[in-house]
Protein chains: 2
Amino acid sequence: MGGRTPRAKAIPNPARDPVLKVMRPLVEAYWAFWLEASRYIRRLRLTPSQLDVIATLGDTEGMTCSELSAATLVTKGTLTGVLDRLEAKGLVERSAVREDRRCTMVRLTAKGDALFRKAFPAQIAHLKPFFERALAPREATQLREVLLRLRDSFRWRRGSRSRGGKRK
Amino acid sequence: MGGRTPRAKAIPNPARDPVLKVMRPLVEAYWAFWLEASRYIRRLRLTPSQLDVIATLGDTEGMTCSELSAATLVTKGTLTGVLDRLEAKGLVERSAVREDRRCTMVRLTAKGDALFRKAFPAQIAHLKPFFERALAPREATQLREVLLRLRDSFRWRRGSRSRGGKRK
DNA sequence: TATTGTTATACTCTATAACTATA
DNA sequence: TATAGTTATAGAGTATAACAATA
């Protein structure tokens with residue numbers, strides 16, 4: 001993914017419109033965060049999509065491909081390739097599902113789980129100072145609430161999809 | 001779909017750590033936003049990187065490739081290809097620079113500028129309701145401040161590169 | 001008929017590095 | 001030597017659609 005993003009440059013009247021007052025900072029804050037986070041991801045020799053899959057599978061007992069696709073925003077067709085590469089690295093495994101033989105269950109291998117358990121705390125520890133330097137604890141709490149409300153505002157509109165929605 | 005919802009993405013102790021309290025909502029809010037915004041981008045037949053370039057060039061008198069690369073986070077090597085495609089679409093043009101013949105100046109064509117002027121207000125208008133539904137004006141102001149601070153926290157660490165494109 | 005996962009196609013982006021032509 | 005932009009290469013992602021097996 002690694003989606004590239006419109007930096008929302010030169011949008012008209014950023015000072016006047018309350019929406020714009022938030023939109024650009026949102027994009028810029030996320031980008032700044034992402035730039036830092038993606039270094040770590042690369043060090044794991046994973047692409048963003050691959051990490052997305054690993055993170056989604058972490059702490060679960062596995063998912064079918066379609067569940068995984070819904071939970072990661074990796075489209076169905078792409079997922080096959082992503083899983084192929086993760087399987088080649090020995091991080092995930094596919095197995096048959098008895099009840100519905102169309103489905104394939106995907107789960108982390110021991111190696112994948114180990115990566116998940118090691119990589120995330122390390123990533124968090126690395127990113128933590130950036131947040132702590134910018135935010136007082138109370139602000140963090142407020143920020144969280146507001147961001148979640150914003151997230152939901154976008155999710156609602158997209159129809160009442162499965163509650164979990166897209167995670168990342 | 002029915003049954004199993006992917007367990008929350010298993011980042012350790014999201015409830016306790018104030019950093020984590022913000023990190024995931026940041027990512028999720030951005031993604032929800034991006035999912036909606038990217039629809040519009042696709043309708044313009046632009047890729048995210050291409051839009052990034054267009055948006056960066058908008059309201060400027062042009063930039064050299066290296067300036068553009070620095071302002072967009074599109075790497076030097078990739079930029080050539082992106083510009084080739086935008087040039088083929090008639091949205092940007094390259095021209096020589098007298099003072100330094102190694103440089104190439106890139107600017108929007110009339111067509112590119114028209115796209116920029118039309119597309120952005122439309123995009124904003126589309127996204128506005130999502131923000132307005134979620135945030136009171138005062139909250140928007142606060143959110144802006146906090147996000148900018150967070151952004152800067154990440155930027156500082158990366159050295160003091162000025163990342164704003166030259167504006168007219 | 002509908003769904004699941006795979007395959008196929010064509011394009012785009014990424015990272016890296018070598019190359020050229022200037023400076 | 002250093003810089004600007006291009007080219008080259010290998011790998012990976014995207015969108016879209018068709019497809020086989022199964023339900």
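Quick note on labels: first sequence line is chain A, next is B, and so on, each numbered from 1.
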- [ ] Output yes when a side-chain donor or acceptor of B:Thr72 lies under 3.5 Å from a complementary backbone atom of B:Val53, and no otherwise.
- [x] no
TODO: Using atom types as modelled and distance alone, determine if a side-chain donor or acceptor of A:Arg107 lies under 3.5 Å from a backbone N or O of A:Glu61.
DONE: yes
Task: From A:Leu86 atom CG to A:Leu46 atom CG, the distance as rounded to the nearest 0.5 Å - done: 7.0 Å
Task: Side-chain N,O (B:Ser66) to OP1/OP2 (D:dG5) below 4.0 Å - done: yes
Open item on the list: Could you go through B:Tyr30 and A:Phe154, starting from their C-alpha distance and side-chain angles, then the distance that decides it, and tell me whether this counts as ring pair (Phe, Tyr, Trp, His ring centres under 6.0 Å)?
Closed with: CA-CA 10 Å; B:Tyr30 176 82; A:Phe154 282 100; over 10 Å; no
Between the protein and nucleotides 18-23 of chain C, which nitrogen or oxygen pairs are less than 3.5 angstrom apart?
unit_1: C:dA23; atom_1: OP1; unit_2: B:Arg101; atom_2: N; d: 2.8

Open item on the list: For B:Ser66, give me all partners under side-chain contact (heavy atoms from CB on, under 4.5 Å), at least two apart in sequence or on another chain.
Closed with: B:Thr64
Task: Residues forming a salt bridge (Lys or Arg N to Asp or Glu O under 4.0 Å) with A:Arg149, sequence neighbours excluded - done: B:Glu139
[X] has an atom [atom1]; how far is it from atom [atom2] of [N], in whole Å?
{"X": "B:Arg45", "N": "C:dT12", "atom1": "CZ", "atom2": "C1'", "answer": "15 Å"}
{"X": "B:Gln50", "N": "C:dC11", "atom1": "CD", "atom2": "P", "answer": "13 Å"}
{"X": "A:Asp52", "N": "D:dT14", "atom1": "CG", "atom2": "C1'", "answer": "15 Å"}
{"X": "A:Arg42", "N": "D:dA12", "atom1": "CZ", "atom2": "P", "answer": "14 Å"}
{"X": "B:Leu51", "N": "C:dT12", "atom1": "CG", "atom2": "P", "answer": "15 Å"}

TODO: Would you please name every residue forming a side-chain hydrogen bond (donor to acceptor under 3.5 Å, both in side chains) with A:Arg43, sequence neighbours left out?
DONE: none
Task: Contacting residues from residues 77-90 of chain B, given that a heavy atom lies under 4.0 angstrom of DNA chain C - done: B:Thr78, B:Val82, B:Arg85
Task: Nonpolar side-chain network containing B:Leu148, other nodes, edges under 4.5 Å - done: none
